[in-house]
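Presented below is the structure to which this report refers.
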Amino acid sequence: ASAVLNASGAGSANYSAVNIYPTDTGISINGNLDSPLIDLNGADHVTIDGRVNATGTTKDLTISNTSTSSTAGTSTVRFINGAQNNTVKYCHIKGAESFAASGVLFFSTTSSSNGNDNNSISNNNITSSISANRPANAIYSSGTPGKDNSGNSISTNNFYDFFKHSAASNGILLSSNTTAWTIDGNSFYETASYAPTASASHNVIQISNANGNGFVISNNYIGGNTALCGGTAWTKSNTANNLFNGIRVNVGVTAVSSIQNNTIKNFNWSNSGSTDWIGINVEGGHVNIGTISGNTIGATSGTNSISITGGLNGQSVYGIKLSGTGVFNCNDNHIGSITGLAASGLATHLYGIHLSGSAVTNIEHNTIGSTTTGSSIFAGS
């Protein structure tokens, strides 16, 4: 059964804080449940710390749900009914849920007076528990109208081997009734080449809530086969036609959301058809992109930091794509070392920055290509 901690004061639950950590190495919490493995049901001030004796920097505790169920609520750790001020850190967190509205870490609805707020997920390794059955979402949030899941922080985690091969998939998906989250300093990568079996969209960070405001997406690394976009390229074969978005946002206009100093590079991505590859995709809202510290898609020198190959009907590659309504400020970003190829005789469309829609837009001081390397931007067939 799920390990459930209720809110203090509910039934016999009575605590001010709960600290959970291993006192020896190699400890794991495992299960195969069509429900949450750990359920923070209105619980506040709970810390799950994977370090031995809660000291040092080594991630030791493993928390894993191996269920591949599509049953609603299947997850490894769920926050529900006003779970607030909780921390999960320095753990190996694994899951395989296949329900599109759930996640390995699942921020759910509430029957409390508030949402699941001010929780922190930091310094963890977050991945699949079964390599052949990856999760639909590594982190998913969808709250309750009027009681948004807000103020949560996802920082300095390693997300790897998380895209589901047989269906649409997301690293982080923040959906309805979710607002004012911070996603900072995380690494997203694939440790080995993979071959999807379905033509479905793959989004690394997606915020899809036109009523959500004040999101911060900063200092993240997307690409490569190790943390910080390191190692060899994130490689996908042309077995399917998969839309890719590194960062994809559709947010509100009440308070500005910010996309700053993110790096997207070290990719070798092939499609069987003409589906787009997009570094940063802003589909609406009040959003600043690079206004404090510019984002880098590819590199400022060299070639082939990002290599995208399309199949039938050609290929479109976007560094930054801006569309819809709102206010967009897109400044000081760096887009280069990108190669787009298509099958023989077909067109490659390669856009540094592409604008459509009716948003109030300011685009300034961006560098597209390289001032030192020839053919930094290259499109061919």
Side-chain angles (χ1 to χ4, degrees), residues 1-33 35-66 73-95 102-127 129 138-141 143 149-159 172 180-187:
S2 299
V4 182
L5 180 63
N6 295 324
S8 182
S12 60
N14 182 14
Y15 58 90
S16 59
V18 177
N19 297 315
I20 301 168
Y21 56 88
T23 58
D24 200 356
T25 60
I27 303 299
S28 62
I29 302 168
N30 301 309
N32 185 346
L33 303 178
S35 59
L37 185 72
I38 295 174
D39 207 15
L40 299 179
N41 182 26
D44 297 339
H45 302 290
V46 176
T47 297
I48 302 174
D49 187 336
R51 300 173 297 171
V52 174
N53 295 317
T55 61
T57 59
T58 301
K59 306 173 183 70
D60 200 273
L61 178 66
T62 297
I63 308 172
S64 177
N65 188 354
T66 57
T74 302
S75 54
T76 303
V77 181
R78 182 173 71 172
F79 302 81
I80 192 169
N81 293 328
Q84 297 187 93
N85 300 302
N86 302 296
T87 298
V88 182
K89 60 184 178 180
Y90 292 101
C91 296
H92 302 280
I93 306 172
K94 302 180 179 183
S102 188
V104 177
L105 291 146
F106 179 22
F107 293 79
S108 187
T109 54
T110 184
S111 59
S112 178
S113 59
N114 51 264
N116 304 292
D117 302 336
N118 303 316
N119 300 288
S120 173
I121 309 297
S122 67
N123 294 288
N124 302 285
N125 290 334
I126 302 171
T127 188
S129 57
I139 293 180
Y140 178 81
S141 174
N149 296 333
S150 66
N152 296 297
S153 173
I154 311 298
S155 62
T156 327
N157 301 283
N158 294 324
F159 294 78
I172 298 174
W181 285 45
T182 296
I183 303 171
D184 180 78
N186 304 283
S187 289

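Since the structure is predicted, the reported quantities are computational estimates derived from the model, not experimental observations.
- Residues Val46 and Leu5 have side chains in contact (heavy-atom distance under 4.5 Å, counting atoms from C-beta outward).
- At least one side-chain heavy atom of Ile93 sits under 4.5 Å from a side-chain heavy atom of Val104.
- A heavy-atom distance below 4.5 Å is found between the side chains of Leu37 and Ile63.
- A donor and an acceptor atom, one from each side chain of Ser28 and Asn30, are located under 3.5 Å apart.
- Contact between Thr76 and Lys94 at its shortest, heavy atoms only, is OG1-O, 2.7 Å.
- The shortest side-chain heavy-atom distance between Ile154 and Ile139 falls under the 4.5 Å cut-off.
- For Asn124 against Tyr90, the heavy-atom pair with the smallest separation is OD1-N, 3.1 Å.
- Using a 4.5 Å heavy-atom threshold, the side chains of Leu105 and Ile126 count as touching.
- Pairing each heavy atom of Arg78 with each of Pro36, the nearest pair is NE-CG, 3.4 Å.
- In this pair, Phe107 and Phe79 present their aromatic rings parallel. The plane angle is below 30°, not in the 30 to 60° band.
- Under the 4.5 Å side-chain criterion, counting only non-hydrogen atoms from C-beta, Tyr21 is not in contact with Leu61.
- When all heavy atoms are compared, the tightest approach of Ala13 to Ala7 is CB-O, 3.4 Å.
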task: Could you go through the side chain to side chain contact (heavy atoms under 4.5 Å, CB included) check for Thr87 and Ile48 one step at a time?
output: CA-CA 6 Å; Thr87 298; Ile48 302 174; over 6 Å; no
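- Side chains of Asn149 and Ser141: a donor on one and an acceptor on the other come within 3.5 Å.
- Side-chain contact of Ser35 with Ser2: a donor-acceptor pair under 3.5 Å is present, judged by distance alone.
- Side-chain contact between Thr66 and Ser64 is present, with at least one heavy-atom pair separated by less than 4.5 Å.
- Shown here for Phe106 and Gly73, the closest heavy-atom pair between the two residues is CE2-CA, 3.9 Å.
- Contact detail for Ser155 and Asn186: the closest heavy-atom pair is C-OD1, 3.3 Å.
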- request: Run the numbers on Ile183 and Ile172 for side chain to side chain contact (heavy atoms under 4.5 Å, CB included), then give the verdict.
  value: CA-CA 9 Å; Ile183 303 171; Ile172 298 174; 3.9 Å; yes
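- Counting heavy atoms from C-beta outward, Lys89 and Thr47 have side chains that approach closer than 4.5 Å.
- Residues Asn81 and Ser112 have side chains that never bring a donor and an acceptor to within less than 3.5 angstrom of each other.
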